Amino acid sequence: MLDIALLRRDPEIVRTSARRRGADPGFVDDILRLDAEYRRELAELERTKAEKNALSATIGRAADKAAAAAELRPQLDALAATIASLEEQARILAPDESESPLRALLEGSPNVLDASVPVGSDESANVVLRHWGEVRELGFPAQQHVDIGEKLGILDFERAAKLSGARFVVLRGMGAKLSRAVVSFFLDRAASHGYEEFVPPYLVLRETMRSTGHLSKFADAMFTDIDGDLLMIPTAEVPLTAMYRNELLDGASLPRKLTAHTPCFRKEAGAAGRDTRGLIRLHQFDKVELVWLTRPEDSFAALDTLTQHAASLLEELDIPHRVIALCAGDTGFNAAKTHDIEVWLPGAQTYREISSCSNCTDFQARRLNMRFRRDAKAKPEFVHTLNGSGLAVGRTLVAILENYQQADGSVVIPNALRPYLGGLERISP
RNA sequence: GGAGAGAUGGCAGAGCGGUUGAAUGCGGCGGUCUUGAAAACCGCUGAACCUUCGCGGGUUCCGUGGGUUCGAAUCCCACUCUCUCCUCCA
């Protein structure tokens with residue numbers, strides 16, 4: 001949610017950011033007009049209330065309260081009627097009223113981009129920040145992960161389809177164990193970087209989903225439970241970030257680093273026909289998520305650290321990858337700045353996103369009403385929130401299978417994972 | 001699912017329908033004392049919003065939403081959540 005104070009103070013910043021995203025900045029003037037109107041109504045309402053409160057107080061102080069009340073009755077009744085109508089008008093305009101157009105505009109407008117975000121309208125304008133690792137020459141025709149996994153008997157898409165339809169997988173045997181090893185490896189590394197581990201609910205209230213900005217009425221990509229009251233999380237970012245909603249945190253506890261391994265559920269409604277084969281785009285996948293809550297002045301440095309925490313997992317797995325700065329048009333609604341990490345897939349002969357790390361600045365925290373106090377006397381301020389995958393588990397399996405495949409169809413286990421698999425060095429047919 | 005109890009400030013915990021935004025304690029901040037610290041003592045200490053150049057003024061908030069009243073933390077209704085017991089269950 002945008003800061004109304006920023007819009008009043010410097011609307012041009014917001015307009016410029018919207019233009020960079022390729023959006024029409026007209027909403028800025030709409031907001032300012034509604035805001036001015038609201039404040040006019042509110043001032044009038046409060047003035048009238050103050051008048052009525054003062055009269056009530058005189059009754060409270062009077063010796064004969066009944067007589068005083070009777071005497072003031074006509075004035076009080078008139079004021080009450082005025083207040084009722086002013087209240088109705090103010091409510092329609094109030095920015096904290098969920099139905100109000102002003103609220104809708106504030107919530108429906110994207111975060112202000114950081115100045116460092118590259119110019120551009122789509123992913124072709126994204127900027128590669130750095131490469132890591134050398135793309136291996138396998139010395140034989142590389143297979144794609146689906147073929148590798150099915151031949152090894154560790155990925156079973158047919159039976160998954162029998163159970164649940166398209167976009168599901170059954171991990172079998174070493175596939176299941178490898179997935180579990182990857183999760184443990186990720187969580188252990190997160191712990192060593194100071195992240196606190198959580199197991200949050202996988203079903204959350206609509207209000208929780210809305211508060212993190214994942215439930216805009218334009219993109220309903222969520223699965224609901226049978227009652228429809230609870231939504232299945234599309235990422236652990238939702239419960240982890242919303243956990244401290246409406247709380248006032250101790251400034252000394254910042255930055256806070258949180259992690260969780262959860263399944264993620266997505267309808268992928270907008271991706272019909274894309275990535276229909278394999279583990280790349282499923283309705284259910286596992287992910288280890290990394291979340292930071294920081295002081296405002298620390299969040300951009302934290303984004304670099306967070307990104308490196310995610311990238312270091314691939315370094316330890318010895319999988320070539322690159323880090324990308326998303327351009328303005330490709331940066332998500334909540335984010336002021338986003339880094340993606342893409343792994344090299346020899347079978348697919350392409351780079352594929354495996355992590356997305358974003359600094360949401362105070363945009364998400366404002367809607368969550370998640371604040372901290374710098375010190376005992378300081379006013380509460382909104383924290384900055386960051387989130388990133390560390391990493392997507394399914395896509396990590398893809399990267400392992402394709403990068404560690406051997407000519408005979410076997411797959412070598414990366415050194416970093418062997419301790420989690422009893423020292424196993426290779427998955428063979 | 002059944003029965004009962006409860007929800008108040010960062011935490012704990014009072015609160016006859018009328019200066020109660022809220023006693024008290026803890027915590028926090030400042031001060032006195034001390035070589036320094038502790039202890040003791042004194043003072044200060046909720047939030048959002050509107051308004052003002054500023055001082056200040058005002059409105060709202062005691063789980064949520066309604067209602068009664070000139071006036072509600074206090075009375076009424078509904079809902080949510082928490083706790084205890086029973087039931088059920090992994």
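Values in this document were obtained by computation on a predicted structure and should not be read as measured data. Chain identifiers are assigned alphabetically (A, B, ...) following the order of the sequence lines, protein sequences preceding nucleic acid strands; residue numbering begins at 1 within each chain. Heavy-atom basis, side chains included; hydrogens, waters and symmetry copies ignored.
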Checklist entry - Contact class for A/Asn53 vs. all strands (heavy atom < 4.0 Å): base, sugar-phosphate, or nothing? => result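 The answer is sugar-phosphate, as A/Asn53 gets under 4.0 Å only of primed atoms, P, OP1 or OP2.
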Checklist entry - Hey, does A/Arg371 reach any base, or is it just sugar-phosphate, or nothing, if we go heavy atoms under 4.0 Å? => result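 A/Arg371: backbone/sugar contact only, no base atoms under 4.0 Å.
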Carboxylate-amine/guanidinium contact [X] [Y], below 4.0 Å:
X        : Y        : answer
A/Asp275 : A/Arg352 : yes
A/Arg39  : A/Asp35  : yes
A/Arg167 : A/Glu268 : no
A/Glu316 : A/Arg189 : yes
A/Arg40  : A/Glu37  : no

In the structure shown, which nucleotide is the Watson-Crick or G-U wobble counterpart of [N], with both distances under 3.5 Å?
N      : value
B/rG65 : B/rC77
B/rC33 : none
B/rA39 : none
B/rA5  : B/rU82
B/rC88 : none
B/rC53 : none
B/rA14 : none
B/rC44 : B/rG28

Next on the checklist: Please check this pair: side chain of A/Ser164 against backbone of A/Ala161, looking for a donor-acceptor N/O pair closer than 3.5 Å.
Outcome noted: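 A pair under 3.5 Å: no.
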Next on the checklist: Please verify the inter-ring angle class for A/His283 with A/Phe168; under 30° counts as parallel, over 60° as perpendicular, anything in between as tilted.
Outcome noted: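 The arrangement is tilted - the two ring planes meet at 30° to 60°.
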Checklist entry - Which residues within residues 42-51 of chain A lie with some heavy atom under 4.0 Å of an atom in RNA chain B? => result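 By residue number: A/Leu42, A/Ala43, A/Glu46, A/Lys49, A/Ala50.
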Checklist entry - Just the endpoints, please: which first and last nucleotides of RNA chain B, 5' to 3', lie under 4.0 Å from a heavy atom of chain A? => result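 With heavy atoms of chain A under 4.0 Å away, the range is B/rG18 to B/rG71.
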Next on the checklist: If you assign A/Arg39 and A/Pro380 each to the RNA chain B nucleotide with the nearest heavy atom, which residue ends up on the more 5' nucleotide?
Outcome noted: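 This one resolves to A/Pro380.
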Checklist entry - RNA chain B: A/Arg8 or A/Asp77, which has the more 5' nearest nucleotide? => result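 Its nearest nucleotide being more 5', the pick is A/Arg8.
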Provide the distance between the two [atom1] atoms, one in [N] and one in [M], to the nearest whole Å.
N      : M      : atom1 : result
B/rC77 : B/rG1  : P     : 23 Å
B/rU45 : B/rG54 : P     : 22 Å
B/rU87 : B/rG63 : C1'   : 28 Å
B/rC42 : B/rG46 : C1'   : 23 Å
B/rG67 : B/rC61 : P     : 13 Å
B/rA73 : B/rU64 : C1'   : 15 Å
B/rG58 : B/rU19 : C1'   : 16 Å
B/rG9  : B/rU69 : C1'   : 27 Å

Item to check | Partner of A/Glu381 by salt bridge (charged side-chain N to carboxylate O under 4.0 Å, His left out), out of A/Arg374, A/Arg295, A/Arg373, A/Arg366 | outcome: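 That would be A/Arg374.
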Checklist entry - Using the benzene-type ring in the case of Trp, are the ring centres of A/His384 and A/Phe363 under 6.0 Å apart? => result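 For A/His384 and A/Phe363, the ring centres are not under 6.0 Å apart.
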Compile the donor-acceptor pairs under 3.5 Å between side chains in residues 68-88 of chain A and protein atoms, sequence neighbours left out, one pair per line.
unit_1, atom_1, unit_2, atom_2, d
A/Thr82, OG1, A/Ala78, O, 3.0
A/Ser85, OG, A/Thr82, O, 3.1
A/Glu87, OE2, A/Lys49, NZ, 3.1

